[in-house]
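To find a chain, count down the sequence lines: A is the first, B the second, and so on, and within it residues start at 1. From a predicted model like this one, the values you see are computed outputs, not experimental measurements.
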Amino acid sequence: MPELPDVEGFRDVLDSCGTGRRVEKVEVADAGVLRGVSAARLRRALEGRRLAAPERRGKYLILRTDGDAAVLLHFGMTGRLLCCSPGEPAHRYDRVRFGLTGGRDLRYQDQRKLQGLRLADDEAAVERALAGQGPDALSLDREPFLDLLAGRRARIKTVLMDQSVLAGLGNLLADEILWRARVHPARPADRLSAEEGRHLYGAMRQVLRLSVRAGRVPGRPSWLTGHREGRERTCPRCSTSLGSIRVSGRTTVFCPHCQPRQVGPTARRPRRAGGDPPGASHRRNG
DNA sequence: AGTAGATCCTGGCGGC
DNA sequence: TGCCGCCAGGATCTAC
């Protein structure tokens, strides 16, 4: 399910495939992915335009042109963006095809069509469309991050996944970050200690850095994400059987041993002079 | 300010 | 084998 790292990967695809090239043809195979725009209007806005450098904000990808118009792409749960040659046979879930000069094809694929494409007529429309987004998780500094948590009574996982608070994190990333920071997903955000807040921020930085580099959330053995499915659902850190609860309607996987619901006074937490990296796996390097 | 639940959407899977 | 219903989840909506 595309989260910030995946969308960052799609931005790379769009940039290397499209930037500087002209849109020759826009083909909408399934108008079910168009939000508030018709296929004809999308064509008129894009055909003949040259693509400019794309931008990502949270889980949105902004396709910019040398004109006023921009297209906002959201990938929902199953969306993808591919660069291929025009001769490549259409995939079943190709929803929109952008034929570019230089023999390049950009294809927006999406099986479930939960989100889709929006057209923004100008820069002001882009800003309006994204006005509800919180700061991007990748570029947020620690102090503002801690400030975001401070005033919120909601469960910490709900806060992390709320795009109007913090943009970019989805279900898998939120679980991974909480597991690395050893914070139970149902703890109220404003009840975390300062130390836990710092660990959470550190885990977020680390998880984002590694996943952006990989272009997705890696399902490696040392990551919680690698243990969500299948029979062997045990914690990669302590081998305890993983717990599964629902938080804000989302399946939430956590380790009952590493992420206790009730925590004692801060003073009881072991102090480490050097300070372990918050997400450091004690078994092997991820 | 917070929650739950429905909605959209498709395919995979368990149960019968 | 085939049909039914559930589940997955990102965003958005209503109801409480």
Report task. Indicate yes or no: does Arg49(A) engage Asp66(A) in a salt bridge with an N to O separation below 4.0 Å. Result -> yes
What is the separation between atom [atom1] on [X] and atom [atom2] on [N], rounded to the nearest whole Å?
{"X": "Leu114(A)", "N": "dC9(B)", "atom1": "CG", "atom2": "P", "answer": "9 Å"}
{"X": "Asp6(A)", "N": "dG9(C)", "atom1": "CG", "atom2": "P", "answer": "14 Å"}
{"X": "Leu173(A)", "N": "dG10(C)", "atom1": "CG", "atom2": "C1'", "answer": "13 Å"}
{"X": "Leu160(A)", "N": "dG2(B)", "atom1": "CG", "atom2": "C1'", "answer": "16 Å"}
{"X": "Arg80(A)", "N": "dT10(B)", "atom1": "CZ", "atom2": "P", "answer": "17 Å"}
{"X": "Met161(A)", "N": "dT12(C)", "atom1": "CE", "atom2": "P", "answer": "13 Å"}
{"X": "Asp30(A)", "N": "dC9(B)", "atom1": "CG", "atom2": "C1'", "answer": "11 Å"}
{"X": "Leu61(A)", "N": "dG10(C)", "atom1": "CG", "atom2": "P", "answer": "18 Å"}

Query raised in the report: Out of dA11(C), dT10(B), dT3(B), which has the shortest distance to the side chain of Arg112(A)?
Result: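 That would be dT10(B).
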Query raised in the report: Choosing from dT3(B), dA11(C), dG11(B), which nucleotide comes nearest the side chain of Gln111(A)?
Result: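 Nearest nucleotide to the side chain: dG11(B).
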Taking only side-chain N and O atoms of [X], does any of them lie within less than 4.0 angstrom of OP1 or OP2 on [N]?
{"X": "Arg118(A)", "N": "dA11(C)", "result": "no"}
{"X": "Thr251(A)", "N": "dG9(C)", "result": "yes"}
{"X": "Tyr93(A)", "N": "dG11(B)", "result": "yes"}
{"X": "His74(A)", "N": "dG10(C)", "result": "no"}
{"X": "Arg155(A)", "N": "dA4(B)", "result": "yes"}
{"X": "Lys113(A)", "N": "dC8(B)", "result": "no"}
{"X": "Arg153(A)", "N": "dT3(B)", "result": "no"}
{"X": "Arg250(A)", "N": "dG10(C)", "result": "yes"}

Query raised in the report: Do Arg180(A) and Trp223(A) meet the cation-pi criteria used here (NZ or CZ under 6.0 Å from the six-membered ring centre, within 45° of the axis)?
Result: yes
Query raised in the report: Relative to each other, are the rings of His74(A) and Tyr60(A) parallel, tilted or perpendicular (30° and 60° limits)?
Result: perpendicular
Query raised in the report: Any luck finding a side-chain donor-acceptor pair between Gln259(A) and Arg182(A) under 3.5 Å?
Result: no
Requested in this report: Would you classify Arg246(A) as touching base, sugar-phosphate or nothing, given that sugar-phosphate means primed atoms plus P, OP1 and OP2, and contacts are heavy atoms under 4.0 Å?
Outcome: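 Result for Arg246(A) = sugar-phosphate.
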Query raised in the report: How is Glu3(A) classified with respect to the nucleic acid when contacts are heavy atoms under 4.0 Å: base, sugar-phosphate, or nothing?
Result: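 No contact.
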**Report entry** Proximity of Tyr108(A) and Phe98(A) rings by center, below 6.0 Å
**Finding:** no
**Report entry** Residue closer to the 5' end of DNA chain B, Arg95(A) versus Val247(A) (nearest nucleotide)
**Finding:**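 Nearer the 5' end of the strand: Val247(A).
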Requested in this report: Spell out, with a plain yes or no, whether Cys83(A) and Cys17(A) have SG atoms under 2.5 Å apart.
Outcome: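 Disulfide present: SG-SG distance under 2.5 Å.
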